[in-house]
Amino acid sequence: MMKGFRAAFFDFIADPFYVTESESVRYFSDGLLVIKDGKVEAFGDYEALKDEYLEVPITAYPGMLITPGFIDMHIHFPQIEMIAAYGEQLLEWLNKYTFPTERKYNDKNYAQEMAGFFLDELLKNGTTTAVVLATVFPHSVDAFFEESSKRNLRMIAGKVMMDRHAPDYLKDTAQSSYDDSKELIEKWHNNGRSLYAITPRFSVTSTPEQLQLAGKLVEEYPDVFVHTHLSENRAEVAFVKELFPDNKNYLDTYEQFGLVGERSIFAHCIHLEDQEFERLSETKAIIAFCPTSNLFLGSGLFKIEQAKSSEYPVKVGLGTDVGGGTSLSMLQTMNEAYKIAQLRQQKLSPFQAFFLATLGSAKALCLDDKIGNFDVGKEADFIVLNTRSTPLMALRNPEEVPNTLEELLERLFTLVIMGDDRAIQSTYIMGELAYEKSLIA
Ligand code: GUN
Ligand code: ZN
C-alpha cells in the first residue's frame with residue numbers, strides 16, 4: 001500500500017559547509033512524498049508528480065514544513081532523569097550525580113520503564129535516530145533495544161565499558177566487558193533497525209587492557225560503531241595525560257588500540273590539538289558537537305570552523321548529551337551551536353545547522369543509504385514542523401510557506417532560535433505516525 005504527504009519539504013543533497021545553498025538545499029514549497037512499505041517511493045514537486053499517483057491517499061499539512069527526522073549524535077538514556085544537576089564541572093558532576101543515577105539501571109524493569117519514557121520524549125522532539133550510551137549493566141542495553149524495537153526506531157546504542165576510576169557498584173572488568181559486549185553485538189547489531197556501538201566510557205575509566213579488548217571487538221565486528229568521549233574538559237585532559245604518559249595525545253589513547261575509524265564517534269572534542277584534528281580527518285572519524293552540554297558543564301567552545309576546514313575536514317554531527325546537555329530538542333541544540341559560533345566570531349547558518357542534524361550525521365555514520373534525506377529508497381523517518389506553534393512564533397512568521405531559499409533560511413532561523421518540542425507537529429517512523437502534538441496546549 002502506498003501513501004502520500006503533501007506540504008512544503010526541505011532536505012539536503014550536499015554539505016552546505018562546502019558548497020552553496022542552492023547546491024546543497026532541496027526545497028519544494030508544494031511538494032509530494034510518496035511512501036511504499038515504509039520507504040520513499042517518490043519525492044518532488046506536487047504538480048509534477050501528482051498525475052502518476054492519482055490513486056494514492058494523501059495527507060496534507062498546509063502551511064507546515066516537512067524534513068527528515070533529526071539524528072542526535074550523542075546522548076545518555078539513563079541520564080534523562082538527572083538533567084539540570086546543579087553546580088559542577090565534568091569530573092565532579094560524574095561522581096556527584098551521574099554515577100549514583102546510573103546505579104539504578106541495575107534493575108531491568110526500571111531501565112525498561114525509563115527507556116520507554118526516553119524514547120517517547122525523543123519522538124516528541126522530532127529525533128528519530130540517536131547514538132545512545134546505556135549503562136555498565138548489559139540488561140540496560142537489552143531494555144533500551146527492546147523498547148526501541150517496539151517503536152521500530154533506527155537506534156545505535158551500547159553497554160558502557162568502565163573498569164577503573166568509578167565506584168565499585170558501577171565497574172565491570174576488562175574481560176566481562178568484552179564478553180558482555182560481544183553477546184550484545186550478536187544479539188542486537190542489525191537486529192531489525194538496531195545497531196550496536198562498542199562504548200568505552202572514556203580513557204579515564206578504562207584500563208589499557210579494557211581498551212585493548214574493545215579494539216579486539218572492532219577487529220571481530222568491523223561494521224559495529226565505537227562511541228566514547230574525547231577532550232571535553234581541561235581537568236579530564238590533564239588526567240588522561242597522567243594515566244597515559246607515553247601516548248602522543250588523548251586521541252592516541254584510543255587509536256593505539258584500534259578504536260579510531262570511520263564508524264567511531266567522539267563526543268565533545270573541545271580541547272584538541274591540531275594534530276588530533278588532522279588524525280580525525282585522516283581516519284574519517286566522527287565528532288559529536290554537544291553545545292548545550294559544553295556550555296552547561298563549562299567545558300569550552302567547540303571549534304566548528306576547524307572541524308569543517310577544507311584542508312582537514314572532519315565529519316561532524318550534533319548531540320544533545322543529555323543529562324550533561326540541557327535539552328532533548330535538536331532545535332535548541334542548534335540554537336546554542338549558533339551562539340557558540342557567535343562567541344568565536346563564526347557564523348553557523350540554519351541550513352548548516354539542519355544539515356548537521358540530518359544528512360550530515362547520516363553521512364558521518366555511513367547510514368546515508370538508509371536515512372538523512374528523501375532520496376528514493378530511503379527509510380521514511382520524517383517530521384512535520386510548525387513554524388507558528390506559539391503566539392510569538394505566529395507573530396514572527398507569516399502564514400504562507402517560504403517561496404525562495406532566502407525566505408526559507410529566515411524561517412528556519414526562527415525555528416533554530418525560538419523552536420523546541422512545541423514546533424514538532426508530528427513525527428513519522430517508516431511512514432507511520434509515531435507522535436502527534438496534542439491540540440490541547
Ligand atoms: N565523560 C565521561 N562520561 C561522561 C558523561 O556521562 N557525560 C559527559 N558529558 N562526559 C562524560
Ligand atoms: Zn556524554
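Counting starts at 1 for both ligands and their atoms, in listed order.
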Taking the six-membered ring of F17 as reference, does the cationic atom of K308 (NZ for Lys, CZ for Arg) lie under 6.0 Å from its centre and within 45° of its axis? yes
So that I know where these two stand, are Y428 and F5 an aromatic pair - ring centroids less than 6.0 Å apart? yes
Measuring centre to centre across the rings, with the benzene-like ring taken for any Trp, is F244 within less than 6.0 Å of Y250? no
Just by distance, do the side chain of H271 and the backbone of S299 share a donor-acceptor pair under 3.5 Å? yes
Nearest 0.5 Å, please: how far is CD in E23 from OG1 in T20? 3.5 Å
Backbone or side chain, does any N or O of W93 fall under 3.5 Å from an N or O of ligand 1? no
Part of L94 with heavy atoms under 4.0 Å of ligand 1, whether side chain, backbone, both or neither: side chain
In this structure, atom 10 (N) of ligand 1 is nearest to the protein heavy atom E232 OE1, 2.7 Å
Going by the atom numbers of ligand 1, which of them fall below 4.0 Å from some non-hydrogen atom of D321? 8 (C), 9 (N)
For ligand 1, which part of H76 has a heavy atom less than 4.0 Å away: the side chain, the backbone, both, or neither? side chain
Identify the closest protein heavy atom to atom 6 (O) of ligand 1: which residue and atom is it, and at what distance? R201 NH2, 2.7 Å
Would you mind running through ligand 1 and noting each atom that sits below 4.0 Å from a heavy atom of Q79? 5 (C), 6 (O)
Between Q332 and the options D421, D420, T320, the side-chain contact (heavy atoms from CB on, under 4.5 Å) test singles out D420
Would you say the side-chain atoms of T283 pair up with the backbone N or O of R279, donor to acceptor, closer than 3.5 Å? yes
Spacing of CD belonging to E81 relative to OH belonging to Y97, to within rounding of 0.5 Å: 14.0 Å
Strictly under 2.8 Å, is any N, O or S atom of H229 next to the Zn ion (ligand 2)? yes
Short check: any N/O/S atom of E232 below 2.8 Å from the Zn ion (ligand 2)? no
Nearest to the Zn ion (ligand 2) - the N/O/S atom of D321, by atom name: OD1
Work out the angle at the Zn ion (ligand 2) between NE2 of H74 and NE2 of H76, rounded to 10°. 110°
Considering the heavy atoms of F202, write down every atom of ligand 1 situated less than 4.0 Å from one of them. 1 (N), 2 (C)
Please report whether the ring centroid of W188 lies less than 6.0 Å from that of F145. yes
Within the 6.0 Å centroid threshold, strictly below: F413 and Y338: yes
Using a 4.0 Å heavy-atom threshold (strictly under), name the region of L133 that reaches ligand 1: side chain, backbone, both or neither. neither
State the atoms of ligand 1, each with its element, that fall below the 4.0 Å cut-off from a heavy-atom position in H268. 9 (N)
Distance check below 2.8 Å: does C290 bring an N, O or S atom to the Zn ion (ligand 2)? no
